[in-house]
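Report on the following structure.
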There are 4 protein chains.
Amino acid sequence: MPKLGMEPVRKSALIDAAIAEIGRTGSLDVTVSQIAKKAGMSSALAHHYFGSKDQIFLAAMRHILRIFGAEVRGALSMADTPRQRLAAIVRASFSPRNFQPEVISAWLNFYVQAQTSEAAARLLQLYQRRLHSNLVHDLRGLGVATPGPVAEGIAALIDGVYIRQALRGRAVDPGAAMTMVTRYLDLEVGKI
Amino acid sequence: MPKLGMEPVRKSALIDAAIAEIGRTGSLDVTVSQIAKKAGMSSALAHHYFGSKDQIFLAAMRHILRIFGAEVRGALSMADTPRQRLAAIVRASFSPRNFQPEVISAWLNFYVQAQTSEAAARLLQLYQRRLHSNLVHDLRGLGVATPGPVAEGIAALIDGVYIRQALRGRAVDPGAAMTMVTRYLDLEVGKI
Amino acid sequence: MPKLGMEPVRKSALIDAAIAEIGRTGSLDVTVSQIAKKAGMSSALAHHYFGSKDQIFLAAMRHILRIFGAEVRGALSMADTPRQRLAAIVRASFSPRNFQPEVISAWLNFYVQAQTSEAAARLLQLYQRRLHSNLVHDLRGLGVATPGPVAEGIAALIDGVYIRQALRGRAVDPGAAMTMVTRYLDLEVGKI
Amino acid sequence: MPKLGMEPVRKSALIDAAIAEIGRTGSLDVTVSQIAKKAGMSSALAHHYFGSKDQIFLAAMRHILRIFGAEVRGALSMADTPRQRLAAIVRASFSPRNFQPEVISAWLNFYVQAQTSEAAARLLQLYQRRLHSNLVHDLRGLGVATPGPVAEGIAALIDGVYIRQALRGRAVDPGAAMTMVTRYLDLEVGKI
DNA sequence: AATGAATGAGGATTCATTCAT
DNA sequence: GATGAATGAATCCTCATTCAT
């Protein structure tokens, strides 16, 4: 029963399915058929809408990064002081929507894909640059002398916590993860 | 004229080749043939010695972790105080032998493989537990009240620095990387 | 707003597009979508009008042969003597409308299709028989003793010139082509 | 029961199979699997030896042209006068080895492929140039004033006879075909 | 009349792995 | 010990064709 305007619906379903499958298997060795099946359609249709497997992956990455960005913006909008803004960024990084096993696993795999795919690398760099600039801005607002390296450290710590979470079976503890980064932040800029 | 006692030589060559190829391509999508070719033998021989592709990867991981372990032990052997020991661990993590593009890339890929392979996961967990216990031991020696979380933080930061390095094209800066972790360490335990 | 009586318009557009695409790519590996797109419609509509890809090809062949036939009839209508009629047939074969790269290429491909498709073979045989009978009729009118073989020779030469033209990049020289056949004709029946 | 030195054997079998299959179906729409099966091996092995379907086709073309060239050289070696040499070339063109349904059909298809494949075009042009130069040389030796166009005519006629033969079901008549070209030759240069 | 939606079938190509020599 | 030979099983992708709207 074909309907009109299915493109966005299908694309969205495929993106979700891709993230889910990558997360489930913990690897990029996911076939288009698997993804399509999970999304409830034939692999041919997946190709029809995305053109290639790479494009599906890229779209999935874009989706994850977009959600992340939205989450950060949302958190920032409710923060007033630089210190609150920093906390907001950290909080957003470990929000339930981002910090769940499948997304974390997909995230790790996208890091790997970025080593192969130019487009994936650009996407990831874009996100990193934004995060970095946000962090630097607020660190400077707090009078931190060397905001660059400190921002780097925070970002690295977040990534490190993510990657380690990916290994730790399935039980995810966002609280502990957030605490770890907050603790570092406190040391660098002082408690709020 | 087949020589005797070739087994260790062949195996070693294959392990080096595997790490090199994974590092070069930045992915686990490396064929046994590529690895064998780089190691100067037929893929059939590679299978003869390792039994399967997974075993080659596993051996390569073991190799990297063994080198890492040796590096750490070597550095520790020259350290006297807990503070020096901590610094030694960090230094070893970013030693030239470990912190080079191809090894970093292989490392990242092994993290991914650990999501699929039980054996790989165990290997990585073993290394992490050792690192963790080392860190905790020396942090406690310095009178740190909560050595567990702090050790977690240091380990996560190291991993984070590694993973970010993997993205940053080819230019690796071990100095800056080490500084980043040392800075955190200083904040947590005070300057040496 | 769907218009009435679109069928002939659509069909004609599809036939032209088919010939153009086959000529452009120089092969029968042309998708219905390509043809339909070039004709400005969806591939579904192409199927609606023709039923199948084969039917589109067949219609395109019929179209080319019909044009050719018309061209020949037109030329013949202005010829009075058998000798003039023969010259007219040759001239028509290399008329600008027939002897252009894309048509030549399509022609060659139709020869190939005739090996697979019974219908295509019949179509081509029909055209050949007509040409043959025309030639024989006029050769006999000129007193040629063995009109059959001579007609065969002329037809083969025309085909040969066509096929060779298909290979020679894009620059088509109808003049030289025609001269080649006329020369043979002159040898067989004497100058006009 | 794998043996050594199979490569040439396999390659040769694949080439024969390719020609046979192309000839049998009368089209290039032949799958590698079909070819491989006919050659008695898996399609994977076919790819192993040739790398790609195109390479198989190209090798098949090369094979046909090589045989043709050998046939011509053989015939020429037994000819003394220019007139005899010309006759030899024509005879070779319709030798039983060349002028059989499957080879003819393959030949026609290679003409088509030459429109798509640069390599195929080069191969065919090479053969044509050689034939042309042979013809011109001997025509000149016979005192023909315009050897170029005449050579063109002979070559075109040969091609035309071939292509028409491809259409005429399966019954091949090399005698009639040869007669047709010889007749043209006689007209141009006089009987031997 | 026209099309977006949808898919089954198929095809080139790759690759880990096995085996006979 | 070492390898060329060989393949089954995937996997990506394409395409003619159908169908509901």
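Chain letters run A, B, ... following the sequence lines, proteins first and then strands; every chain starts at 1.
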(request) Look at the rings of C:Phe68 and C:Trp107 and say which category their plane angle falls in: under 30° parallel, 30 to 60° tilted, over 60° perpendicular. (result) tilted
(message) Using whole Å, what does the distance between atom P of nucleotide F:dT17 and atom CG of C:Leu14 come to?
(response) 14 Å
(message) I'd like to check the salt bridge (Lys or Arg N to Asp or Glu O under 4.0 Å) partners of C:Arg62; sequence neighbours left out, ordered by chain and number.
(response) none
(message) Counting Watson-Crick and G-U wobble pairs with both distances under 3.5 Å, what is the dot-bracket string for DNA chain F, 5' to 3', using [ ] for crossing pairs and | for pairs to another strand?
(response) .||||||||||||||||||||
(request) Grab the NZ-P distance between D:Lys11 and F:dA6 for me, whole Å please. (result) 14 Å
(request) Scan residues 47-57 of chain D against DNA chain F and write down, sorted by residue number, each residue with any heavy atom closer than 4.0 Å; if none is found, say none. (result) D:Tyr49
(request) Would you name the heavy atoms of C:Ser43 and C:Val32 that are closest together and state the gap between them? (result) CB-CG1, 4.0 Å
(request) Identify, with sequence neighbours excluded, every residue that meets side-chain contact (heavy atoms from CB on, under 4.5 Å) alongside B:Gln55. (result) B:Phe50, B:Ser52, B:Leu58
(message) Among residues at least two apart in sequence or on other chains, which ones pass side chain to side chain donor-acceptor pair (under 3.5 Å) with C:Glu21?
(response) C:Arg24
(message) Please compare B:Val32 and A:Arg10 by the position of their nearest nucleotide in DNA chain E and report the one closer to 5'.
(response) A:Arg10
(message) Whole angstroms only, please: what is the CG-C1' distance between B:Asp29 and E:dT14?
(response) 11 Å
(message) Between C1' on F:dT3 and CE on D:Met6, what's the gap in Å once rounded to a whole number?
(response) 15 Å
(request) Kindly write out the residues that satisfy ring pair (Phe, Tyr, Trp, His ring centres under 6.0 Å) with C:Tyr49, not counting sequence neighbours, or none if the list is empty. (result) none
(request) List for me each residue that meets salt bridge (Lys or Arg N to Asp or Glu O under 4.0 Å) alongside A:Arg66, sequence neighbours excluded, and say none if there are none. (result) none
Polar pairs (N or O, both sides) under 3.5 Å between protein and nucleotides 8-10 of chain E?
none

(message) Using heavy-atom distances to pick each residue's nearest nucleotide on DNA chain E, tell me which of C:Ala46 and A:Ala46 is more 5'.
(response) C:Ala46
(request) To the nearest Å, give me how far apart NZ (B:Lys37) and P (E:dA16) are. (result) 14 Å
(request) Have a look at C:Val30 and say if it touches a base, only the backbone sugar-phosphate, or nothing, with a 4.0 Å heavy-atom cut-off. (result) sugar-phosphate
(request) Using the test side chain to side chain donor-acceptor pair (under 3.5 Å), find all partners of C:Gln34 that sit at least two apart in sequence or belong to another chain. (result) none
Going by atom type alone, with no hydrogens or angles, which donor-acceptor pairs under 3.5 Å involve a side-chain atom of residues 116-123 of chain A and a protein atom two or more places apart or on another chain?
| unit_1 | atom_1 | unit_2 | atom_2 | d |
| --- | --- | --- | --- | --- |
| A:Ser117 | OG | A:Ala119 | N | 3.3 |
| A:Ser117 | OG | A:Ala120 | N | 2.9 |

(request) Rounded off to whole Å, could you give me the CG-to-P distance for the A:Leu28 and F:dC12 pair? (result) 12 Å
(request) For C:Lys53, check salt bridge (Lys or Arg N to Asp or Glu O under 4.0 Å) against everything at least two apart and list the hits. (result) none
(request) Please identify each residue that fulfils side-chain contact (heavy atoms from CB on, under 4.5 Å) with C:Ala44, with sequence neighbours left out. (result) C:Ser42
